[in-house]
Every structure is written in C-alpha cells, then in structure tokens.
**Student:** 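A single structure is presented below for examination.
Letters go in sequence order (proteins before strands), and every chain restarts at 1. Here the structure is a predicted model, which is why all the values come from computation and not from measurement.
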Protein chains: 2
Amino acid sequence: MKQISSRFSIAVHILSLIATIPTECTGDFIAGSVNTNPVIIRKIIGMLKKAGLVEVRAGVGGTSLCKDTDQITLLDVYRAVKVIENGELFNFHNHPNPNCTVGRNIESALRAEMRDAQTAMEQKLSNVSLQQLISNFK
Amino acid sequence: MKQISSRFSIAVHILSLIATIPTECTGDFIAGSVNTNPVIIRKIIGMLKKAGLVEVRAGVGGTSLCKDTDQITLLDVYRAVKVIENGELFNFHNHPNPNCTVGRNIESALRAEMRDAQTAMEQKLSNVSLQQLISNFK
DNA sequence: CTCGTTGTAACCAGTATAGTTCTAACCAGT
DNA sequence: ACTGGTTAGAACTATACTGGTTACAACGAG
C-alpha cells in the first residue's frame with residue numbers, strides 16, 4: 001500500500017452524519033455529503049453493520065448507531081472497514097535465509113518494532129471518540 | 001494499501017547485512033539472504049543510495065554505510081524507501097460537500113487526528129537504531 | 001401497487017507490488 | 001587487454017487493491 005484506504009475517512013464521515021442528522025440519512029444523501037457514489041456508501045455501511053457499529057432498519061433512511069457517540073472510537077471504525085491486511089500494518093518479506101545470522105534473526109527483531117509502531121498509531125486512534133470529533137463542528 | 005510494502009523490511013535486512021558482514025555483500029549474496037531476486041535488491045539499494053544511507057563504490061561488493069549504525073533509525077529507512085504516498089499514511093476522500101455541516105468540518109478535524117496517529121507511529125520507528133536492532137543477533 | 005431505497009453482483013480503469021528477463025557498463029585479476 | 005563477476009536500470013509480466021460504475025433483486029411506506 002501507499003496509503004490507508006479512504007474507506008476509513010468515508011466511514012467516519014458516514015457515522016458523523018448519522019450522529020448529527022439521523023433523519024436525513026438515506027444512502028443518496030450521504031453520498032452527496034461525502035461526494036461519491038451511493039454504492040460506495042452502501043458497501044461501507046455494510047461493513048459498519050457487520051462490525052456492530054450501526055444497524056439498518058429495513059426501509060427508508062433506516063440507519064442508526066448501535067452505540068453512543070462517545071462509545072465509538074476512531075479505532076473501532078478503522079477496524080470495521082478492514083483497511084489493513086490481517087491486522088498487520090507492515091508487510092514482512094517471506095522466508096529470509098535461516099543459514100545467515102541476519103536472515104535468522106531479523107524477522108523476530110523487526111516484527112517486534114513494527115508491532116510497537118503500529119500499536120502506538122492505533123492507540124492514538126482509540127483515544128478519539130466520534131463524540132470528540134463532532135463536538136467541534138460548527 | 002492493505003499493507004506497508006515489504007520494501008521496508010527488505011531495506012532493513014539489507015542494511016543489517018552491510019553492517020554485520022560488509023565483505024560478503026554482493027547483490028546476489030544479499031538476495032540469497034533476503035530470499036528474493038537480485039534486481040529487487042538493486043532497486044532498493046538504489047533508493048537507499050538516493051537517501052544518503054549507503055554509498056556504492058563501483059566494483060564488487062562495494063556497498064557501505066554512510067553513517068554509523070547508531071545514527072541510522074528505522075524511520076530513516078522507512079522514509080528512504082518511500083513506502084507511503086506523499087508523506088501521508090492516511091488517504092482522505094476528496095471534496096466533501098461544503099454545504100453540509102459534517103462535510104464542511106470533517107476534513108480538518110479528522111486530518112488532525114490522522115496526523116497525530118501517523119506521527120506516533122513514526123516516532124516509534126525513530127526510536128530504534130540499526131545498532132539496537134542488530135545488537136541482539138546471535 | 002408503486003416508488004424510493006437498500007443490498008449485492010459484476011465489471012472497469014488506473015495503479016502498486018513483486019518478480020522476471022535482458023542489456024549496458026564497469027571493475028579486478030590473470 | 002580480455003574475461004568473468006558485478007552493478008545499474010529499462011521493459012515487461014501477473015496479481016491484486018482502489019474507487020467507481022451499471023444493473024438488478026428485494027423490500028417498506030404511503
């Protein structure tokens with residue numbers, strides 16, 4: 001990857017809309033605010049639903065949050081939309097040569113540092129709730 | 001992206017090899033330790049060279065580090081191999097609708113949090129030097 | 001019943017990754 | 001000076017992800 005997919009930012013956008021103006025939230029209205037195609041919105045809402053963040057009452061504009069806005073963190077959203085492979089932000093090259101000192105040792109050493117770095121990032125995301133984000137809107 | 005390219009882990013592997021067994025480090029030998037194709041190695045060494053981390057004396061096995069191993073951090077390597085687009089880990093969807101409260105406010109609010117998260121991750125990488133990494137090899 | 005909406009499937013263009021083949025240039029040693 | 005090993009990089013491939021589109025089935029509310 002070059003970047004984490006905009007699915008994440010779109011998902012946050014969608015949840016913010018549902019939180020602030022729930023009555024208007026049809027797929028087409030959301031698509032208009034995000035400025036993309038309604039199908040993209042439906043796909044992402046599908047992922048948020050699977051993750052238990054929203055529920056969709058069959059019918060028009062029937063999407064609502066399953067939790068309070070202060071109980072949903074950016075990390076929840078980031079995990080819901082599966083923007084990284086298998087929970088691992090960093091890819092590691094396969095099967096370094098075990099007959100070489102470096103090849104034998106690098107994987108465990110470097111993976112530990114990668115995990116630390118990823119955790120630090122995700123920790124930051126978990127510190128921000130949807131409520132904190134939308135409370136500054138004016 | 002789904003994951004940060006393995007160019008990063010391969011680059012760290014390459015630098016570790018040059019640091020520990022400089023005399024053996026032909027492209028083919030490195031490729032054998034990393035377990036990939038020599039051309040991949042050459043491409044990555046080219047990036048490390050542009051970033052000023054290594055220099056290549058034309059000739060056999062002529063690659064050497066430009067700095068001490070404790071002056072090279074994982075962040076330097078990560079930046080050298082350009083695994084993320086334009087310095088931004090997170091992609092943000094384009095042009096939310098400014099006629100909507102959420103569309104108008106979300107970009108600056110969310111970008112700030114994204115930047116915080118990315119910085120936390122990169123900070124962790126900058127805390128680890130090549131020296132620290134290879135000092136545990138046995 | 002019908003219209004608007006939701007939920008998917010199928011498909012597309014663009015682009016990144018990891019890898020291969022091939023060729024040119026260059027250094028060192030005999 | 002020639003040759004073999006090495007470095008450098010262009011060109012091409014297969015695969016996969018992204019963001020987007022069209023199309024269609026199912027369903028609810030008025």
**Student:** Under 4.0 Å between a side-chain N/O of B:K2 and OP1 or OP2 of C:dT17, yes or no?
**Tutor:**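 No, because none of the side-chain N or O atoms of B:K2 sits under 4.0 Å from OP1 or OP2 of C:dT17.
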**Student:** Do any N or O atoms from the side chain of A:E113 and from the backbone of B:N127 form a donor-acceptor pair under 3.5 angstrom?
**Tutor:** no
**Student:** Report yes if a side-chain nitrogen or oxygen of B:N37 is closer than 4.0 Å to either non-bridging phosphate oxygen (OP1 or OP2) of C:dT21; otherwise report no.
**Tutor:**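 So the side-chain polar atoms of B:N37 never come under 4.0 Å of the phosphate oxygens OP1 or OP2 of C:dT21.
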**Student:** Side chain of A:T36 only, please: which of D:dG20, C:dT21, C:dT6 is the nearest?
**Tutor:**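 My answer, after comparing the listed nucleotides, is D:dG20.
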**Student:** Just the rounded figure in Å: distance from C1' of D:dG19 to CD1 of A:I4.
**Tutor:**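 Atom CD1 in A:I4 sits about 17 Å away from atom C1' in D:dG19.
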**Student:** From C-beta outward on A:K43, which listed nucleotide comes closest to its side chain: D:dT21, C:dT21, C:dA18?
**Tutor:**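 Among the listed nucleotides, the one closest to the side chain of A:K43 is D:dT21.
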**Student:** Nearest to the side chain of A:R42, heavy atoms from C-beta on, is which of C:dA18, D:dA23, D:dC17?
**Tutor:**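 From the listed options, D:dA23 comes nearest.
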**Student:** Distance check needed: D:dT7 C1' versus B:I40 CD1, whole Å only.
**Tutor:** 15 Å
**Student:** Any idea which of C:dT6, C:dG19, D:dC17 is nearest the A:T26 side chain?
**Tutor:** C:dT6
**Student:** Ignoring backbone atoms, test whether A:S6 places a side-chain nitrogen or oxygen under 4.0 Å from the OP1 or OP2 oxygen of D:dT18.
**Tutor:** no
**Student:** Of the nucleotides D:dT6, D:dC17, D:dA10, which has the atom closest to the B:V39 side chain?
**Tutor:** D:dA10
**Student:** What distance do B:M121 atom CE and A:E122 atom CD have between them, rounded to the nearest 0.5 Å?
**Tutor:** 10.0 Å
**Student:** Out of D:dA8, D:dT18, C:dA18, which has the shortest distance to the side chain of A:R7?
**Tutor:** D:dT18
**Student:** Please classify the nucleic acid contact of B:K82 as base, sugar-phosphate, or nothing, using heavy-atom distances under 4.0 Å.
**Tutor:**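 No contact.
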**Student:** Tell me which of A:G46 and A:N91 sits closer to the 5' end of DNA chain C, going by the nucleotide each one is nearest to.
**Tutor:**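 First, find each residue's nearest nucleotide; the 5'-ward one identifies A:G46.
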**Student:** Regarding B:T63, tell me which of base, sugar-phosphate or nothing describes its non-hydrogen contacts under 4.0 Å with the strands shown.
**Tutor:**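 The answer is nothing, as B:T63 stays clear of every strand by at least 4.0 Å.
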**Student:** What residue pairs, at least two apart or across chains, pass side chain to side chain donor-acceptor pair (under 3.5 Å) with a residue in residues 16-42 of chain B?
**Tutor:** B:H13-B:S33
